[in-house]
Number of protein chains: 2
Amino acid sequence: MTDPVKVEESPVEQTTPRVGSRVTMQQVAAEAGVSVSTVSKVMNGRYGVSTQTSDHVSKVIDRLGYETSLVARSLRNTRTNVIGLLVADFEPFSTEVLKGAADAIRGTGYELVAYSAGGRTDEHVGWERRYLSRVMGTLVDGAVLVTPTVTDVQYDGPVVAVDPHTGRSSLPTVAADNLQGARMGVDHLLALGHRRIGMVTGRADLVSAQLRERGFREAHAAAGVPVDESLLALGAFDPEQAREAARTLLRLPRPPTAIFAANDISALATLDVAAELGVDVPDQLSVVGFDNIPESALAHPPLTTVQQPMRQLGHDAIAMLVALIAGEELAQTHVILETTLVRRRTTTAPGAAS
Amino acid sequence: MTDPVKVEESPVEQTTPRVGSRVTMQQVAAEAGVSVSTVSKVMNGRYGVSTQTSDHVSKVIDRLGYETSLVARSLRNTRTNVIGLLVADFEPFSTEVLKGAADAIRGTGYELVAYSAGGRTDEHVGWERRYLSRVMGTLVDGAVLVTPTVTDVQYDGPVVAVDPHTGRSSLPTVAADNLQGARMGVDHLLALGHRRIGMVTGRADLVSAQLRERGFREAHAAAGVPVDESLLALGAFDPEQAREAARTLLRLPRPPTAIFAANDISALATLDVAAELGVDVPDQLSVVGFDNIPESALAHPPLTTVQQPMRQLGHDAIAMLVALIAGEELAQTHVILETTLVRRRTTTAPGAAS
DNA sequence: ATCGTTGTCGATAACGTTTTCCATCATTCC
DNA sequence: GGAATGATGGAAAACGTTATCGACAACGAT
């Protein structure tokens, strides 16, 4: 029943280089009159095959349009030469990181594939972990996590987390200096002369948001300016809630002369609300954001913001991951990248209108 | 040397649910005291195993943290339950399509992974084809192509192209109605009273760009307004070249009173140039774009543009692909989606300034 | 003439699943 | 009480590749 030379049964007569239905190595071997071993050697340029047969086999490979089955190869070797990048959703931040990663992947010999949680990150906690278990060692050699809520993922494979908003992550991480960045943004406002500065805060459960608020406070402390707690409103990194927060602040009897938003998204929402309430930016209100997403440069007026090197984050994450996969020891397991202040048109000295 | 029961050699004593280094089905079987067949049946809920042993095996599976090897599974079955989406680069358009696809994938039982060409699309033509050969039937069950330059890809597997700018594609496609959309945009300008309308055209080799130009001409013809050929300038969908084109048009002795850009990117560039030259928009110049990328709403002033249902494109592409994989016959192989005009602040009647 | 040596090539065992088929055993019916 | 029946578990082949190792020829050196 099982014919050892069943390849002969259906001789590959067709010379059409069909691209669809897969042509296997056996067929190439049969067609070329050699063994599969030889074909494999030719495919991988291994030593031990004469240039003559090599050429011949190569020709057959081309003619049949043979492509090696990555699945079978991965099953045999444990490596796949693929790196996975997991994003919770394709928002501006993760998209930029993705671009940086896509850029860094070149010349590493790896391919990059992006998986999206599609926003179902709320449904199931520990979702990143299950994802890792599923794909690691089977579909990818390593993974980059760009999910904001990496609660407490532990994994002993090659995994790098980008901007792990929670601090006590045991994973190697690369993040921007949220504390320093926030200080810089608020310092800028203080230097301009603002003394009543409001803040639209981020998601309370994310460490990045906590750090930005801490930077806000530290800047005040360093300048000897007291923080008015009534000037802090929860924006939660959510556009709608950020609008609400901004509205609350601007409708105060004594509204702040400047607002520091934990997020560009929130800053943009604040700009919207200001326009809606007839508050002129920057003359009656200065606004500073955080992230410098592409949209911010196009806002009206263009947003002054603390720039996070998003592409660089992706770039460094890949670099770390590649080293990790190679078994190298990481010089630094927690990389913190500098932030910079991008001054555009939403900030000026208070009372500039008069 | 090859011990048939080598599983016994290293009994799985560790009860730590290690998540890293892969635990195989054999180990589970050995630990549970059953055969691999049984474990497989339990994993897949197949009939033929008592609830008692099933429970027992399930417990062991949980304890060891076993996850099935997708590679091995894919090798055995020919399906992978993964759909690949290939983008040339992560620009706004493809990112939006990606979001739509990610949305549509839910509940289909498939997972979505995105591959990026990383901009090296220029280096090698026929790149999409090689990609397809590599991944189809091995890593993914089907693919969505979101590359603008699908020259003449032929492939007989389940593949759907989104916005295949070249017409004679033999692949099933889903695209927006570029012709109708362009007509709508230009009609809008004509209805406002504009008679000298310029156009920043797109990449000459892309059918989508050609269609938009044709829409431009047809709208003129329908309104009985002659087209002034000197008012067409090549923008090529490139920011820099679009700026140049806009500059050329606006520096004409008799500049146009309105410009239709083949692209939001080009329209945004036009806005920039107008500001640079001190031309007021919309009072001295009306501008209409095409696509309605997220940035357009934030432009200054907010851009009037022809909206392409980008998310819907991704959504429909996935729907078609899933049907295709299921072996169903497609009701329509070339789906054309409606476009709509989004009126914002960059258009008004000519001479409104006076 | 014999013995290594080198250069080619092929047989074969994995990799970790799924699936088909068969063996075993308890049950039930005549 | 024996045989048909059904339920349950296991053995083994297969998926397509790669790596190891042995076979075999041709050849030069002793």
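Lettering follows sequence order; numbering is per chain, from 1. None of the values given here were measured: they were computed from a predicted structure.
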Write down the distance between [atom1] ([X]) and [atom2] ([N]), rounded to a whole number of angstrom.
X	N	atom1	atom2	value
A/Q27	D/dC15	CD	C1'	13 Å
A/M25	D/dT17	CE	C1'	6 Å
B/K41	C/dC22	NZ	P	14 Å
A/M43	D/dG16	CE	P	15 Å
A/E67	D/dT17	CD	P	11 Å
B/L75	D/dG16	CG	P	7 Å
B/R79	C/dT19	CZ	C1'	17 Å
A/L139	C/dC15	CG	P	19 Å

- Task: For A/A32 and A/H56, work out which heavy atoms get closest and say how close.
- Result: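 Result for this residue pair: O-CE1, 3.1 Å.
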Using a cut-off of 4.0 Å on non-hydrogen atoms, how would the nucleic acid contact of [X] be classed: base, sugar-phosphate, or nothing?
X	answer
A/T68	sugar-phosphate
A/T24	sugar-phosphate
A/V71	nothing

[N] phosphate, OP1 or OP2, under 4.0 Å from [X] side-chain N/O:
X	N	answer
B/S50	D/dG9	yes
A/S40	D/dT18	yes
B/T38	D/dG10	yes
A/T53	C/dC9	yes
A/Y47	C/dT6	no

- Query: Quick one: the side chain of B/S37 and the base of D/dA11, do they pair up donor-acceptor inside 3.5 Å?
  - Reply: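 When only heavy-atom distances are counted, B/S37 does reach the base of D/dA11 through a donor-acceptor pair under 3.5 Å.
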- Message: Between the base of C/dT17 and the side chain of B/R76, is there a donor and acceptor pair under 3.5 angstrom?
- Response: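 Answer no: no donor N or O sits under 3.5 Å from an acceptor.
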Side chain of [X] only, please: which of [options] is the nearest?
X	options	value
A/N77	C/dC9, D/dT18, C/dT17	D/dT18
B/R46	C/dC9, C/dT19, D/dT17	C/dT19
B/A72	C/dT18, C/dG10, C/dG16	C/dG16

- Item | Residue pair A/T38 / A/S35, side-chain donor-acceptor N/O under 3.5 Å |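 Side-chain D/A pair, A/T38 to A/S35: present.
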- Task: Check A/T173, A/V162, A/D163, A/V159 against A/L145 for a side-chain contact (heavy atoms from CB on, under 4.5 Å) and give me the one that passes.
- Result: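 Result for side-chain contact (heavy atoms from CB on, under 4.5 Å) with A/L145: A/V159.
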- Can you measure from OG1 (B/T78) to CZ (A/R22) and round to the nearest 0.5 angstrom?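 Between B/T78 OG1 and A/R22 CZ, I get 11.5 Å after rounding to 0.5 Å.
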- Message: Nearest 0.5 Å, please: how far is OH in B/Y110 from CZ in B/R79?
- Response: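 Taking CZ in B/R79 and OH in B/Y110, the distance rounds to 3.5 Å.
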- Test log, rule side-chain contact (heavy atoms from CB on, under 4.5 Å), inputs A/L70 and A/T80: CA-CA 8 Å; A/L70 298 179; A/T80 62; over 6 Å; no
- Message: Taking the nucleotide of DNA chain C with the nearest heavy atom to each, does A/S35 or B/V36 sit closer to the 5' end?
- Response: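 Counting from the 5' end, the first nearest nucleotide belongs to A/S35.
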